[in-house]
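Reckoned from all heavy atoms, side chains included, excluding hydrogens, waters and symmetry mates.
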Amino acid sequence: MSALRGWPSFPADLPEFDPGTAPERPHEIFLAWLEDAGEHVLAPHAVTLSTVDADDVPDARVVILKDVDAAGWYVATSSESPKGVQLGKHPMAALTFFWAARGRQVRIRGTVTPSPSEVSRNDFLARSPESRVEAFIGNQSAVLRDPAELEAAAAEAREWVAENPYRAPETWVRYLVAPVSVEFWQARHDRRHVRLRYRLDGGRWVRELLWP
């Protein structure tokens, strides 16, 4: 496709990024970038979660960031979903944020651990009613042979959620991705993109610039 080389990648005006002013811990700069992205793009909290399956084949999908703090980044899903099963067998993951309108991406790699059950429960109850219904339907990624089956399952789940407004599935898990490396990538029109990586070394963060 010739159009692939003709489409613009980034806006004319890109933000500046001076790695010399970066804070000691990666989540601090991430929060600043996330707030900035929220002023320019839709769904700035959408993130690509990458895992590996039982055959060590990569898998990826877009999910919603639930929170971030000094411990790491949080996402949530059913432990019975494909990604939940994969995280249970291979508790390592990568997260990728991409904000084209700002010419920025953030790449995170780390270990994954489930949060305490009460934390996962509160996460589930904070979801909208329809989101809770969707979670109770289950069978995520299974083959749907008849759309009528989905409608029937949704009706049943909707009734159950209405009758049990403070219940959460035992399979609902909020996962912590504790980073071992976090990279901040800022595009430049001259292609000399600025890349700053935080790498965990002996319990402390080492900051290093990377070649574009």
Side-chain angles (χ1 to χ4, degrees), residues 1-22 26-68 72-77 81-87 89-90 92-112 131 134 139-144 147 150 175 177 179-199 207-212:
M1 292 180 60
S2 59
L4 289 176
R5 293 187 175 274
W7 289 325
S9 299
F10 304 112
D13 295 323
L14 290 172
E16 295 291 329
F17 175 41
D18 179 6
T21 64
H27 80 284
E28 296 173 351
I29 183 173
F30 176 84
L31 288 172
W33 277 30
L34 180 64
E35 182 177 0
D36 175 83
E39 298 176 0
H40 297 89
V41 304
L42 294 174
H45 55 338
V47 56
T48 299
L49 167 64
S50 301
T51 55
V52 294
D53 64 16
D55 298 318
D56 294 328
V57 177
D59 200 357
R61 75 291 289 161
V62 176
V63 299
I64 295 298
L65 178 70
K66 310 298 289 189
D67 200 0
V68 58
W73 281 251
Y74 300 84
V75 295
T77 188
S81 69
K83 51 187 173 293
V85 171
Q86 291 166 8
L87 289 174
K89 293 182 178 179
H90 300 283
M92 298 287 293
L95 299 174
T96 308
F97 293 86
F98 179 54
W99 303 307
R102 303 302 281 161
R104 285 176 167 172
Q105 64 175 306
V106 181
R107 303 173 58 224
I108 301 151
R109 303 176 71 198
T111 59
V112 179
S131 293
E134 181 273 332
N139 298 319
Q140 188 181 86
S141 299
V143 175
L144 178 61
L150 175 58
Y175 294 94
V177 181
V180 295
S181 68
V182 184
E183 179 189 333
F184 295 88
W185 185 97
Q186 174 65 65
R188 288 180 35 155
H189 289 298
D190 61 7
R191 300 295 176 176
R192 293 198 292 272
H193 310 308
V194 180
R195 298 176 62 186
L196 173 66
R197 181 175 64 193
Y198 287 75
R199 178 172 52 83
R207 288 169 288 180
E208 46 200 9
L209 292 174
L210 304 179
W211 283 68

[atom1]-[atom2] distance between [X] and [Y], expressed to the nearest 0.5 angstrom:
{"X": "Arg195", "Y": "Gln186", "atom1": "CZ", "atom2": "CD", "value": "13.0 Å"}
{"X": "Leu150", "Y": "Glu134", "atom1": "CG", "atom2": "CD", "value": "9.5 Å"}
{"X": "Leu49", "Y": "Lys83", "atom1": "CG", "atom2": "NZ", "value": "7.5 Å"}
{"X": "Thr77", "Y": "Leu87", "atom1": "OG1", "atom2": "CG", "value": "8.5 Å"}
{"X": "Arg107", "Y": "Phe98", "atom1": "CZ", "atom2": "CZ", "value": "13.0 Å"}

Heavy-atom count around Asp190 CG within 6.0 Å, excluding the residue itself: above 12?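 Above 12, so yes.
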Would you find more than 12 non-hydrogen atoms of other residues, nucleotides or ligands less than 6.0 Å from Arg207 atom CZ?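 More than 12 within 6.0 Å, yes.
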Identify the heavy atoms of [X] and [Y] that sit nearest to each other, and give their distance.
{"X": "Lys66", "Y": "Ala76", "result": "CG-N, 3.8 Å"}
{"X": "Gly38", "Y": "Pro44", "result": "CA-CG, 3.7 Å"}
{"X": "Ala187", "Y": "Leu14", "result": "O-CD1, 3.4 Å"}
{"X": "Ala101", "Y": "Val41", "result": "CB-CG1, 3.4 Å"}
{"X": "Val182", "Y": "Ile108", "result": "CG1-CG1, 3.9 Å"}
{"X": "Thr51", "Y": "Arg61", "result": "OG1-NH1, 3.0 Å"}

Plane angle bin for Trp185 and His193 - parallel if under 30°, tilted between 30 and 60°, otherwise perpendicular =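 Rings of His193 and Trp185: tilted, 30 to 60°.
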So do the side chains of [X] and [Y] get within less than 4.5 Å of each other, counting heavy atoms only?
{"X": "Pro212", "Y": "Arg191", "result": "no"}
{"X": "Phe17", "Y": "Ile29", "result": "yes"}
{"X": "Leu196", "Y": "Leu210", "result": "no"}
{"X": "Arg109", "Y": "Met92", "result": "no"}

Output yes when a side-chain donor or acceptor of His189 lies under 3.5 Å from a complementary backbone atom of Asp13, and no otherwise.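 Here the side-chain-to-backbone pair does not exist.
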For Val57, is there any backbone N or O sitting under 3.5 Å from a side-chain donor or acceptor partner on Asp55?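 No.
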Sequence neighbours left out, what passes ring pair (Phe, Tyr, Trp, His ring centres under 6.0 Å) with Tyr74? Give chain and number order.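 Ring pair (Phe, Tyr, Trp, His ring centres under 6.0 Å) list for Tyr74, sorted by chain: empty.
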Which of these passes ring pair (Phe, Tyr, Trp, His ring centres under 6.0 Å) with Phe30: Phe184, Tyr198, Phe97?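 Exactly one pass, corresponding to Phe97.
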Applying salt bridge (Lys or Arg N to Asp or Glu O under 4.0 Å), which residue pairs with at least one partner in residues 26-41 are found, sequence neighbours left out?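 As it turns out, the salt bridge (Lys or Arg N to Asp or Glu O under 4.0 Å) pairs with a partner in residues 26-41, which skip direct neighbours, are Arg25-Glu28, Asp36-Arg102, Asp36-Arg104.
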